[in-house]
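Computed from a predicted structure; not experimentally measured.
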Amino acid sequence: MAYQSEAELENLLIEQLANQGYSPVTIESYEELEENFKKQFVLFNASKIEKPLTPKEWERVFNHLLGKSVFQSAKILRDKFILERDDG
């Protein structure tokens, strides 16, 4: 097996993701990271969410994930999360 630097491996991964239709995102702050997560969450769940989440509803979803490891959060996101909507 030939040696492959971490940079080469990363560049190949980026190339593969670009070929699959993913596009790069520049995130320079925690606020931008949170906003991008919210955007991706909404896009992924668009077929399950009939109307946009209110700020309070999003806060409940986000708080459910805070303080967890990346792996715990990923597991939580795969599981069903019952969100009580503001309008009942």
Side-chain angles (χ1 to χ4, degrees):
M1 185 171 190
Y3 172 79
Q4 184 177 41
S5 72
E6 187 174 340
E8 291 172 319
L9 181 62
E10 183 177 331
N11 288 332
L12 285 173
L13 174 62
I14 291 169
E15 184 180 322
Q16 286 178 349
L17 292 171
N19 290 338
Q20 293 175 22
Y22 290 92
S23 57
V25 176
T26 301
I27 297 175
E28 297 181 359
S29 69
Y30 181 81
E31 290 76 22
E32 289 178 6
L33 178 66
E34 188 176 318
E35 191 57 39
N36 184 63
F37 175 71
K38 180 179 179 180
K39 177 182 171 188
Q40 299 306 319
F41 180 88
V42 168
L43 286 172
F44 184 78
N45 291 290
S47 65
K48 301 173 193 97
I49 300 174
E50 295 174 11
K51 60 183 179 176
L53 296 177
T54 67
K56 280 292 194 189
E57 291 168 343
W58 170 248
E59 186 178 332
R60 286 196 291 272
V61 170
F62 196 67
N63 284 338
H64 187 66
L65 299 171
L66 283 178
K68 313 285 191 303
S69 72
V70 172
F71 299 106
Q72 290 170 320
S73 295
K75 183 181 181 324
I76 290 168
L77 287 170
R78 283 191 306 270
D79 294 339
K80 289 188 179 189
F81 174 71
I82 307 301
L83 173 67
E84 184 175 338
R85 302 298 303 249
D86 287 343
D87 60 4

Measuring from Asn63:CG to Trp58:CH2, what's the distance to the nearest 0.5 Å? 10.0 Å

Where do Gln72 and Ser69 come nearest, in terms of heavy atoms and distance? OE1-N, 2.9 Å

Who pairs with Lys68 by side chain to side chain donor-acceptor pair (under 3.5 Å), at least two apart in sequence or on another chain? none

Are the side chains of Arg85 and Leu53 in contact, using a 4.5 Å heavy-atom criterion? yes

Once side-chain contact (heavy atoms from CB on, under 4.5 Å) is applied, do any residues pair with Gln4, and if so which ones, sequence neighbours excluded? Glu8, Leu9, Leu12

Closest heavy-atom contact between Arg60 and Asp86? NH2-OD1, 2.8 Å

Examine Tyr30 and Val61 and state if one hydrophobic cluster contains both, with Ile, Leu, Val, Met, Phe, Trp and Tyr joined whenever side-chain heavy atoms are less than 4.5 Å apart. yes

Just list the side-chain donor-acceptor pairs under 3.5 Å for residues 34-51, sequence neighbours left out, or say none.
{"residue": "Asn45", "atom": "ND2", "partner": "Phe41", "partner atom": "O", "Å": "2.9"}
{"residue": "Lys51", "atom": "NZ", "partner": "Asp87", "partner atom": "OD2", "Å": "2.2"}

Kindly list each side-chain donor-acceptor pair under 3.5 angstrom involving residues 20-28, sequence neighbours excluded, with atom names and distances?
none

Residues that Asn19 engages under side-chain contact (heavy atoms from CB on, under 4.5 Å), provided they are two or more places apart: Glu15

From Leu77 CG over to Leu65 CG, what is the distance, rounded to the nearest 0.5 angstrom? 5.0 Å

